[in-house]
Amino acid sequence: TALTPCANQVELFGADTIRSCDAVTDLSIIVPATSYQWSTGETTQHVQVAAQGWYHCVAVLNNCTVDDSVFVLFNQPTSSVLYAEVCDQFYWNGVNYTQSGTYTYNTLNAQGCDSTATLLLTINHRTTSYQYVTACNSYTWNGYTFYSRAIVTFYFTNAAGCDSAATLNLTIGRPTS
């Protein structure tokens with residue numbers, strides 16, 4: 001007995017495109033039928049596919065046929081690595097980091113698939129020093145000679161590349177006779 005197409009438009013998949021983030025995805029006919037014939041050669045209500053492209057199924061419903069196709073689009077998870085070497089702190093994805101380490105941030109990419117960003121962070125620190133000195137007559141510090149009481153701050157970049165400061169609190173004593 002020859003079957004005729006069903007009079008009513010019936011969708012077998014519920015969508016024209018199925019997006020998947022997995023390596024394999026299940027295609028399922030949403031309408032129960034008495035038989036199925038897939039373009040893959042399978043004859044079940046559910047099939048697993050691993051390649052992007054068009055998939056076609058003819059299903060028999062109440063002595064008529066429904067013919068439908070769906071496009072399977074495989075999107076990929078993404079990952080990225082950021083190397084950062086900074087002074088004192090680093091703000092990344094809503095978190096302020098003050099310690100060196102490896103940090104991850106998980107989210108969804110633009111296609112709705114998993115996305116993992118990894119931060120390899122080195123935190124260098126500024127150096128500060130405060131030095132009290134009492135000297136007779138004069139004192140030379142960082143190439144400058146002082147002859148009277150002074151509080152002086154010398155700003156520099158330390159070996160780690162961070163802004164740093166050294167402060168001298170100097171008292172000059174006069175020799176007594």
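These figures come from a predicted structure and were not determined experimentally.
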Please round to the nearest 0.5 Å and tell me the distance separating atom [atom1] of [X] and atom [atom2] of [Y].
{"X": "N142", "Y": "F154", "atom1": "CG", "atom2": "CZ", "value": "4.5 Å"}
{"X": "I172", "Y": "N137", "atom1": "CD1", "atom2": "CG", "value": "7.5 Å"}
{"X": "H56", "Y": "D68", "atom1": "NE2", "atom2": "CG", "value": "8.5 Å"}
{"X": "N124", "Y": "T127", "atom1": "CG", "atom2": "OG1", "value": "11.0 Å"}
{"X": "Y147", "Y": "L170", "atom1": "OH", "atom2": "CG", "value": "12.0 Å"}
{"X": "T116", "Y": "N106", "atom1": "OG1", "atom2": "CG", "value": "4.0 Å"}

I need the full list of salt bridge (Lys or Arg N to Asp or Glu O under 4.0 Å) pairs touching residues 126-136, with sequence neighbours left out, sorted by first then second residue. D88-R126
Are the side chains of [Y] and [X] in contact, using a 4.5 Å heavy-atom criterion?
{"X": "L121", "Y": "Y103", "value": "yes"}
{"X": "N169", "Y": "R149", "value": "yes"}
{"X": "V70", "Y": "L27", "value": "yes"}
{"X": "T157", "Y": "D163", "value": "yes"}
{"X": "D114", "Y": "L108", "value": "yes"}
{"X": "V133", "Y": "W141", "value": "no"}

Check the hydrophobic clustering (I, L, V, M, F, W, Y; side-chain heavy atoms under 4.5 Å; chains of links allowed) and say if [X] and [Y] are grouped together.
{"X": "L120", "Y": "V86", "value": "no"}
{"X": "I123", "Y": "V95", "value": "yes"}
{"X": "F71", "Y": "F74", "value": "no"}
{"X": "Y36", "Y": "V31", "value": "yes"}
{"X": "I18", "Y": "L73", "value": "no"}

At their closest point, which heavy atom of [X] faces which heavy atom of [Y], and how far apart are they?
{"X": "E42", "Y": "Q48", "answer": "OE2-O, 4.4 Å"}
{"X": "A33", "Y": "A59", "answer": "CB-CB, 3.8 Å"}
{"X": "W54", "Y": "S69", "answer": "CE3-CB, 4.0 Å"}
{"X": "A166", "Y": "S129", "answer": "CB-OG, 3.3 Å"}
{"X": "L61", "Y": "P32", "answer": "CD2-O, 2.9 Å"}
{"X": "T44", "Y": "V47", "answer": "OG1-CG1, 3.9 Å"}

Quick one: do the T118 and T104 side chains pair a donor with an acceptor below 3.5 Å? no
Within the side chain of [X], is there an N or O that forms a donor-acceptor pair under 3.5 Å with the backbone of [Y]?
{"X": "S28", "Y": "I30", "value": "no"}
{"X": "Q45", "Y": "I29", "value": "yes"}
{"X": "W38", "Y": "Y55", "value": "no"}
{"X": "S164", "Y": "C162", "value": "yes"}
{"X": "N109", "Y": "Q76", "value": "yes"}

So side-chain hydrogen bond (donor to acceptor under 3.5 Å, both in side chains) across residues 92-102, not counting sequence neighbours, yields Q89-N96
Going through the distances and angles, do Y144 and L168 end up as a side-chain contact (heavy atoms from CB on, under 4.5 Å)? CA-CA 12 Å; Y144 296 95; L168 171 67; over 6 Å; no
S115 and T78: side chain to side chain donor-acceptor pair (under 3.5 Å), yes or no, with the steps? CA-CA 5 Å; S115 176; T78 54; 3.1 Å; yes
The criterion is ring pair (Phe, Tyr, Trp, His ring centres under 6.0 Å); which residues satisfy it with Y132, sequence neighbours excluded? Y130
